Amino acid sequence: MIWRFGLYDNTFDPLWMTDWAFAAVLLLPMVFGALGAVFRPSRLLPVALACLPILLAGGVMVLDYQQVGLLRWQWEVAGIELTLRLSGLSALMLLITQWTAAAVAVYTPGYLRLTLPNASVRWLWPLMGLLVSALSLIWLAADLLILYAALESMGLAAVGMLLLSGKSAALQAGMRYLLLALVGSLAFLLGVALLMSQWGTLDLIALEARVEPEPLTWVAAALIGAGLALKAALFPLHGWLTPVHENAWTPVSALHAALVIKASLYILMMLWGILLPETLFAPRLVAWLGMLAIVWGGLVAWRADSLKTLIASSTVGQLGYLMVAFPLVLGPNIAPLPLSLAWDGFWLHLMGHALAKAAMFMAAGNLIIATGESSLKALAGTSRRLPLSLLIFGMAAVTLMGLPPSAGFTAKWLLLQSMVLTQQWLAVAALLAGTLLTAAYVFRVFRYSFDETAPRHDYQPLAPGMDAVALCLAVAAFALGLLAHFPLGLLHGGGA
Amino acid sequence: MIASIDTVESGLAVCLLMTAIGCLFDRHLLRACWLLVLFALLMSAAWWYLNAPWLALVEVILGSALTGGGFIYVLRTLPSQRLSMPRYDRMRVEWPHRLTKGLLIIAWSIMLGVATQFLLPDMALSLTAHPLILSSVVIVSLGMGAFALHHHLMRRLMAFNVLGSGVFLMLAGMAGTSPSAQALITVGLLIAWLGSLLGVLLLRQLVHQEGSAALNDEYAPVRPPS
């Protein structure tokens with residue numbers, strides 16, 4: 001299981017070009033973020049130009065991975081070993097992170113111009129840069145020290161970004177998120193401390209070799225799991241998510257829902273894969289909670305009055321699908337075929353959701369800017385006046401519902417196949433119910449938007465590129481489903 | 001076993017515990033802030049005692065100077081007369097709330113003690129021989145309880161800081177003060193400082209905008225009798 005995360009020794013040294021690309025991937029976002037604070041770009045072009053070298057560096061790394069296979073970097077500083085590695089999965093997550101973040105960055109200048117925000121806007125760019133750097137570091141990290149540092153810097157950057165809108169409600173929600181995140185980080189640290197005291201290492205490969213199933217490992221796994229579940233808004237701990245998204249700026253919500261939450265989930269999957277291989281109870285518990293999450297998130301989204309509440313609650317439900325896949329990937333006695341199917345489905349769903357959710361937040365942000373209101377009722381009549389924004393919302397919703405030909409469909413198909421093979425009928429039922437609920441809340445939005453009787457005429461025109469960027473993301477979610485062989489090839493460690 | 005206990009270490013542990021209790025349960029916020037600074041200085045002495053001079057330095061800079069300084073700075077700039085949440089925490093805590101949180105503290109202490117004693121028979125610094133580590137267990141549960149008990153956000157942030165220090169000390173007790181453990185604690189201190197800083201700045205903004213230093217749904221502000 002753990003080789004899938006690229007946690008094994010390899011023989012190849014990275015090429016010199018990869019080293020430079022690696023440095024660029026980690027440092028350039030922060031450098032450009034700092035520059036953004038100074039120059040405060042108000043046009044699309046400079047932002048796009050700044051994104052270009054980062055995307056190129058990411059592309060170089062992925063190409064190198066395809067040629068050479070697993071890449072590893074290791075340093076020893078003052079007796080502390082630091083390890084990073086680029087596996088197929090990390091390469092894929094890196095690509096998704098960079099492209100989604102680039103789309104969000106390109107979307108941002110237009111959004112800021114239209115919403116005329118307060119003075120705190122200058123903090124947005126450096127925080128976004130820090131967030132992207134920290135995320136990239138999380139995908140690459142192969143020891144607990146780097147993982148902890150990256151996770152916490154990502155969390156703090158995310159809190160900072162969510163506060164920027166400056167509304168009282170945003171501050172309240174942000175404060176609650178901050179307190180929870182800080183306590184979650186201490187739980188994570190305590191778990192790491194337990195592991196370190198017992199097995200004497202922070203390196204994940206060494207840990208995997210030494211760790212044994214015993215009460216201490218379970219306590220550590222529980223502490224780490226609790227801390228990460230809090231940060232990932234997994235079902236019973238999701239209360240902070242909706243208020244936070246409701247009051248944040250659209251690009252920030254998009255980044256947060258698409259990437260930040262997923263990073264905690266990635267770490268959880270990786271660490272539990274090391275600490276609890278072939279365990280029955282813990283992944284099963286997560287799966288039960290996941291089934292509840294699917295139903296609960298769907299119901300709340302169905303009853304929601306405002307567009308952003310709807311999207312945030314739908315995130316809770318969609319994370320439920322990922323939680324349901326836990327026992328298929330981590331559980332005992334899973335045959336190779338269902339395990340492999342569930343593994344593919346898990347990551348494909350995670351990536352498809354990242355792209356679609358970012359697109360959906362942007363489309364919703366466009367609708368909210370254009371109508372000037374955030375409630376569902378204000379959408380009346382938008383089908384005639386804002387067909388493109390609504391179309392993008394619909395395309396993103398197709399991925400969330402899991403209709404063909406989207407990534408959501410392919411992912412759910414894989415998960416469903418794995419569940420049928422392992423005869424988990426309850427999970428199958430939850431998956432199907434979730435699809436129906438998703439359709440219900442999405443069509444509720446469309447019912448309001450096709451209301452022709454509404455007498456509204458004054459729509460705020462959108463800045464150029466705002467719809468186009470969202471459209472690109474929604475199309476990318478489709479493409480991920482149609483051209484799934486490329487990501488799946490990377491996931492299987494292929495290419496070398 | 002008793003004979004092996006060092007008087008210096010016991011004294012340090014008792015002082016840490018007293019300052020922590022003072023900092024967590026003093027309603028006079030400025031005094032509590034100074035107690036937090038003192039607590040951080042004592043922590044730094046503890047690190048020195050545990051042969052981690054590098055950590056002692058980091059603790060003095062980050063823990064006492066920057067975090068404590070940040071708290072005191074924000075507290076001094078908080079408007080004191082006009083608004084309902086001045087430098088003195090007058091928020092009432094109901095008895096059922098207190099009772100549940102008190103039980104929580106006791107349960108946490110016992111759980112942590114049992115867990116560390118039975119799960120980790122070969123801790124780097126054992127509980128029974130090292131009062132510092134024993135005190136860290138108590139500090140962690142007190143911090144956790146205070147964090148859950150208080151409504152005033154500044155007190156909750158202070159409780160988080162005390163809780164964090166307790167966790168770091170426990171970490172040192174479990175894993176010793178090897179370079180990687182020290183690195184882990186340094187990162188933790190850095191994160192705690194940044195988090196507290198963000199928290200107090202946010203709190204100041206909240207007080208300016210809403211005149212309340214508590215989360216809305218947790219505490220309905222009652223005007224103090226004037």
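Bear in mind the structure is a predicted one, so any value in this text is a computation, not a measurement. Quick note on labels: first sequence line is chain A, next is B, and so on, each numbered from 1.
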So what's closer than 4.5 Å to chain B heavy atoms on [X]: side chain, backbone, both or neither?
| X | result |
| --- | --- |
| A:Leu145 | both |
| A:Ala78 | backbone |
| A:Ser153 | backbone |

Taken to the nearest 0.5 Å, the spacing of A:Leu195 CG from B:Met174 CE works out to 10.5 Å
Practice problem: State the CE-CG distance between B:Met170 and A:Leu186, to the nearest 0.5 angstrom. | Solution: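 Result: 11.5 Å between the selected atoms.
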Give the member of B:Val140, B:Leu157, B:Leu153 that has the highest number of heavy-atom pairs under 4.5 Å with chain A.
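The residue among B:Val140, B:Leu157, B:Leu153 with the greatest pair count is B:Leu153.
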Report task. Flag the one option from B:Leu171, B:Leu202, B:Val167 with the top tally of heavy-atom pairs under 4.5 Å to chain A. Result ->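 Most heavy-atom pairs under 4.5 Å with chain A: B:Leu202.
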Below 4.5 Å, heavy-atom pairs only: which of A:Leu190, A:Val192, A:Leu179 has the largest tally toward chain B?
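Winner by heavy-atom pair count: A:Leu179.
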Would you mind checking which part of B:Leu201 comes under 4.5 Å of any heavy atom in chain A, side chain (CB onward), backbone (N, CA, C, O), both or neither?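 When you check distances to chain A, no heavy atom of B:Leu201 falls under 4.5 Å.
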Please determine whether the number of non-hydrogen atoms from other residues, nucleotides or ligands lying under 6.0 Å from atom [atom1] of [X] exceeds 12.
| X | atom1 | value |
| --- | --- | --- |
| A:Arg303 | CZ | no |
| A:Trp123 | CH2 | no |
| A:Trp296 | CH2 | no |

Filtered by a 4.5 Å non-hydrogen cutoff, the part of residues 178-190 of chain B contacting chain A is B:Ser178, B:Pro179, B:Ser180, B:Ala181, B:Ala183, B:Leu184, B:Val187, B:Gly188
Search all heavy atoms of [X] against all heavy atoms of [Y] and return the closest pair with its distance.
| X | Y | result |
| --- | --- | --- |
| B:Gly195 | A:Leu182 | CA-CD2, 4.1 Å |
| B:Gly199 | A:Met175 | O-CE, 3.8 Å |
| B:Ile191 | A:Leu156 | O-CD1, 4.1 Å |
| A:Lys167 | B:Gln209 | C-OE1, 4.0 Å |

